[in-house]
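Heads up, the thing below is written out as structure tokens.
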Amino acid sequence: MYILPGSQQASGLRSQLPIPDRLKSLLLEGFTAVYSEGNDYYQLCQHYDHPEVDLYHYHIYSAVTTQLFSKAENSRWVLGYLAKGTTQQFYYRDASVDFAQYSVLFFPTIGGKEIRIDISSGYYTIVCCCFKVGFARIIQEFFSPILDSSLSYPIVIHDIGFHFRYEWELLVQSKMPRALWIGFYAGRLRVLLCMFCEAYLLHKKEDDLWQRHPGVDLLVVQKAYQVKKIIESRFGDALSLNDLVKRSGWNLQGLKSGFLKVFGLSPHQYIIQYRMQVAYELIQKSEDLNVQAISITCGYKQSHHFIKQFKAFYGKTPGEIRKSLS
């Protein structure tokens, strides 16, 4: 899977040239290197043929805005990483996506079909993992979150975090003995796919939250759900607003206004609502627990306070609810 064949530079391109001294420091041990250049353009493509994947590492420079084409020889799953540079557009089948530095994408190729990448002038570093048939079966078996008939490819994760970027750097800066390369690359690829799945699921969750709360800043939504999780995991404690501020790292005003904006309740109202819901379930399912035990479980020191709040919430006392269920 070479990026260059079919590109606008191909007509005036000279390939299989000696690698310039200025680029020799970029050479990867164990990779086959091919250098090509044309007017205002050069490309150093390094390839490693692994039993499970073809690894490509590209260094590209273009002095002008141009289009690059990649023509797939056969159908493969591809995991790609743009380590340096910003494309103007990445075209795949009928879809086009933005693809900027520190982005990762995952998609299937089709034999004989071209992928077009529009790039601005500048320097680019791209890592491409083209999985072979045997590893494709592993992807289908163990990395199902990114394989779904309803998904629209390519899946792109923008601006990945430091740890994910570090794993990509390890992939092309291996200091392992040659005898361990096959095992090393197989292990690294599984780590990269796991991290991609994790990033995709997090991205999907963020999209779901965004759609659930349109018009609300995503950071506010995420913080509100963090506070909600704290309340639900510690509903039996004497939670104050200051406790929630300390545990969430949210300032007091942001906590009060943000939580209300997302859930339509103040944190205090949600604490009461969640306690009442838990209490109702305990009354239904735990006949061995008396009202006093349930009130303590739900964070009430005085059972009469619990009974009063329960009746205000459900219109009946806990005893009346339990009697109606028997």
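Computation of the quantities below employed the complete heavy-atom set of this structure, encompassing side-chain atoms and omitting hydrogens, waters and symmetry-equivalent molecules. Source: prediction; values computed, not measured.
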Under 6.0 Å between ring centres, would you say that holds for Tyr225 and Phe263?
yes

Does this structure show an ion pair linking Glu37 with Arg14, if we count only N-O contacts that are shorter than 4.0 Å?
yes

Is any side-chain heavy atom of Ser121 closer than 4.5 Å to one of Val64?
no

Distance, nearest 0.5 Å, that separates CD1 of Ile283 from CG of Leu289:
10.0 Å

For this output row, return yes or no: ring centroids of Phe99 and Tyr92 closer than 6.0 angstrom.
no

Test ring-ring contact (aromatic ring centres under 6.0 Å, His included) applied to Phe310 - qualifying residues, sequence neighbours left out
Phe306, Tyr314

Hey, what do you get for CG (Asp49) to CG (Asp54), rounding to the nearest 0.5 Å?
5.0 Å

With sequence neighbours left out, write down each residue that passes salt bridge (Lys or Arg N to Asp or Glu O under 4.0 Å) with Lys24, or none if nothing qualifies.
Asp21

Working to the nearest 0.5 Å, report the span between NZ of Lys261 and CG of Leu265.
15.5 Å

Are Cys128 and Val78 close enough that some pair of their side-chain heavy atoms sits under 4.5 Å apart?
yes

Tyr91 side chain near Glu114 side chain, heavy-atom distance below 4.5 Å:
no

Please confirm whether Trp168 and Tyr102 have ring centers closer than 6.0 angstrom.
no

Any chance CG of Asn39 has more than 12 other-residue heavy atoms, nucleotides or ligands included, within less than 6.0 Å?
no

Got a sec, which pairs hit salt bridge (Lys or Arg N to Asp or Glu O under 4.0 Å) with one end in residues 276-299, sequence neighbours left out?
none

Identify all side-chain donor-acceptor contacts of residues 237-249 below 3.5 Å with residues at least two apart in sequence or on another chain.
residue : atom : partner : partner atom : Å
Asp237  : OD2  : Arg234  : NE           : 3.1
Asp237  : OD2  : Arg234  : NH2          : 3.2
Ser240  : OG   : Asn242  : N            : 3.4
Ser240  : OG   : Asp243  : N            : 3.2
Ser240  : OG   : Asp243  : OD2          : 3.1
Asp243  : OD2  : Ser240  : N            : 3.0
Ser248  : OG   : Leu244  : O            : 2.7
Ser248  : OG   : Trp250  : N            : 3.2

Where is the tightest heavy-atom contact between His50 and Ala186, given as atom of each residue plus distance?
NE2-N, 3.7 Å

Please tell me if the side chains of Val278 and Arg275 come closer than 4.5 Å, counting only heavy atoms from C-beta onward.
no

Side-chain heavy atoms of Tyr200 within contact of Leu151, under 4.5 Å:
yes

Does a side-chain heavy-atom distance below 4.5 Å link Val156 with Val104?
no

For a quick test of reading the model, state the closest non-hydrogen atom pair linking Tyr41 to Ser62 and the distance between them.
CD1-CB, 3.9 Å

I would like to know whether His163 and Met195 meet side chain to side chain contact (heavy atoms under 4.5 Å, CB included); could you show each step before the answer?
CA-CA 9 Å; His163 294 294; Met195 296 186 80; 4.3 Å; yes

Let me know which of Ile157, Ile160, Ile126, Leu105 forms a side chain to side chain contact (heavy atoms under 4.5 Å, CB included) with Tyr81.
Ile160

Once rounded to the nearest 0.5 Å, what's the spacing between atom CG of Leu192 and atom OH of Tyr185?
11.5 Å

Mind checking whether Trp181 and Tyr48 have parallel, tilted or perpendicular rings, split at 30° and 60°?
perpendicular

Hey, any chance Ile296 and Ile231 share a hydrophobic cluster, counting ILVMFWY side chains that come within less than 4.5 Å of each other, even indirectly?
no

Glu232 atom CD, over 12 foreign heavy atoms within 6.0 Å
yes

Side-chain donor-acceptor pairs under 3.5 Å in residues 135-146, sequence neighbours left out?
none

Within the structure provided, determine whether Asp98 and Gln89 are in side-chain contact (heavy-atom separation under 4.5 Å).
yes

Under a side-chain separation threshold of 4.5 Å, the hydrophobic residues clustered together with Tyr61 are Leu17, Ile19, Leu23, Leu26, Leu27, Tyr35, Tyr42, Leu44, Tyr123

Honestly curious: do Ile110 and Phe90 fall in one hydrophobic cluster under the side-chain, below-4.5 Å linking rule?
no

Does any donor atom in the side chain of Gln309 or Tyr300 lie under 3.5 Å from an acceptor atom in the other side chain?
yes

Report yes if some heavy atom in the side chain of Ile272 is under 4.5 Å from a heavy atom in the side chain of Met276; otherwise report no.
yes

